[in-house]
There are 2 protein chains.
Amino acid sequence: MTFEVPAHGAKPVSRIRQKNEETIIKAAEDEFARHGYKGTSMNTIAQNAGLPKANLHYYFTNKLGLYVAVLSNIIELWDSTFNTLTAEDDPSEALTRYIRAKMEFSRRQPQASRIFAMEVISGGECLTEYFNQDYRAWFQGRAGVFQAWIDAGKMDPVDPVHLIFLLWGSTQHYADFATQICRVTGRTRLTKQDMEDAGDNLIRIILKGCGLKPAI
Amino acid sequence: MTFEVPAHGAKPVSRIRQKNEETIIKAAEDEFARHGYKGTSMNTIAQNAGLPKANLHYYFTNKLGLYVAVLSNIIELWDSTFNTLTAEDDPSEALTRYIRAKMEFSRRQPQASRIFAMEVISGGECLTEYFNQDYRAWFQGRAGVFQAWIDAGKMDPVDPVHLIFLLWGSTQHYADFATQICRVTGRTRLTKQDMEDAGDNLIRIILKGCGLKPAI
DNA sequence: GTCTATAGGATGATAGAC
DNA sequence: GTCTATCATCCTATAGAC
């Protein structure tokens, strides 16, 4: 268990506040993923969190504030998955690891993926802070890793930027479109095995498509 | 110009009704794509359509009715793009054509793609009619085309079902996540050229990844 | 810190004149 | 078929007692 050490001058975060905020954010995540920002009411979140509605406003002032808190939470998770690749890595191994990590994310955090997707689809106004200069630089850095591999003759000269979109689109699809996938394949939900099969398939096609030998 | 020939006993569809319904659906599409179902108000749609709010209710009774009408419209477009592949086709040519068609759809009908995506992400309750037995059979048929190619030794033994999800996910990403793509690449919008480059890249990687020689 | 009661605003829907 | 005026509902947010 870790203690919150408040910065000098900042208010200490009480144990009870931390716990309640977590409960509320969790409940909010489920609702926002299912019904979008507007489609979610503070009332429903309060019920799912087992707290009176006024408490949500006590902790988060606004509905928008709560939503942004949920989004920030998601983005922390997002970033943590994103920095596994370096130019020194073996391309096959690194790409395999990355695809597995993204599929694992789609499996374990589908709501997070969906909230992020809905936010981006509807213009992503709450993500302007996130989609800033740093983000663009970070993205160029990621693309640079692929470019380094290409320049070293380790993989085909594909467009690194579009390769990243291919990786994102194909892996996130399993979280965001799970409903459609289940309907079409006659499943009620996607099992761990389903997701691993999907990941293996992506790894096989994308690696070969980039002129890489499978690392497995 | 085609005339609407009403079925026996059905009400004739007046010229003015047809025109107004089109105007309303178009305005509704823009709003639903941008703000989702709940986030869209009949008031705003009416303003964008240049009609008084009460007219919307005259033509569509419900907000839900209007939304379903918009969705149906989208699904017609959807289906028309989906039946280009047959087992007799050359796999490389057919896949190339299919990816191009999907990218063209993402370019020309991004709102349609986004509305469909948001509906699926949030559970797709309005699509239960669409996601029916026929849909599943149709999907199996599509997968069967790939399986036939595999059985004939024309391509690698990839999982046909997951290949379809790869095609869908990677192409739709360019419509649904256009905001993120623009932010990250420093564009204000995706041009026709951007989309063609993206399509070419997908074609190169996916065809090679399935053991197919490029058809171009 | 917690919770009830309620203000204040927006929205879907309809009645009814034209 | 068109449009104004209005109702009823729901939701965010806050005041104020405990």
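In the text below, chain A, chain B and the rest are named by the order of the sequence lines, each starting its count at 1.
- Rounding to whole angstrom units, NZ of residue A:K63 and P of D:dA13 are separated by 8 Å.
- Distances shown here put every side-chain N or O of A:H57 at or beyond 4.0 Å from the OP1 or OP2 atom of D:dT14.
- Taking atom CG of residue A:N43 and atom P of nucleotide D:dA13, one finds them 13 Å apart after rounding to whole Å.
- Under a cutoff of 6.0 Å and an axis angle of 45°, A:R17 and A:Y58 form a cation-pi pair.
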Table please: side-chain donor-acceptor pairs of residues 23-36 of chain A below 3.5 Å, with sequence neighbours left out.
{"unit_1": "A:T23", "atom_1": "OG1", "unit_2": "A:K19", "atom_2": "O", "d": "2.9"}
{"unit_1": "A:D30", "atom_1": "OD1", "unit_2": "A:Q111", "atom_2": "NE2", "d": "3.1"}
{"unit_1": "A:E31", "atom_1": "OE1", "unit_2": "A:H35", "atom_2": "ND1", "d": "3.2"}
{"unit_1": "A:E31", "atom_1": "OE2", "unit_2": "A:N48", "atom_2": "ND2", "d": "3.1"}

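- Taking atom OH of B:Y37 as the reference point, atom C1' of D:dC10 lies 14 Å away to the nearest angstrom.
- Rounded to whole Å, atom P of D:dT4 lies 13 Å from atom CD of B:Q47.
- Residues B:M118 and B:Y37 have side chains not in contact (no heavy-atom distance under 4.5 Å, counting atoms from C-beta outward).
- Residue-level contact check: A:T40 touches the backbone only, with heavy atoms under 4.0 Å from sugar-phosphate atoms and none from bases.
- Atom-to-atom, CD1 of A:I45 to P of D:dC11 comes out at 12 Å; the value is rounded to the nearest Å.
- Ring centers of B:F116 and B:W78: under 6.0 Å apart, within the cut-off.
- Checked by atom type and distance alone, the side chain of A:D194 pairs as donor or acceptor with a backbone atom of A:T191 at under 3.5 Å.
- Atom NZ of A:K53 and atom P of D:dC10 are 13 Å apart (whole Å).
- B:F60 comes within 4.0 angstrom of nothing in the nucleic acid, heavy atoms only.
- For A:V161, the side-chain contact (heavy atoms from CB on, under 4.5 Å) criterion is met by A:F139, A:A143, A:D159, A:F165, B:T185, not counting sequence neighbours.
- First and last contacts of DNA chain C with chain A, using any nucleotide atom under 4.0 Å from a protein heavy atom and ordered 5' to 3', fall at C:dG1 to C:dT4.
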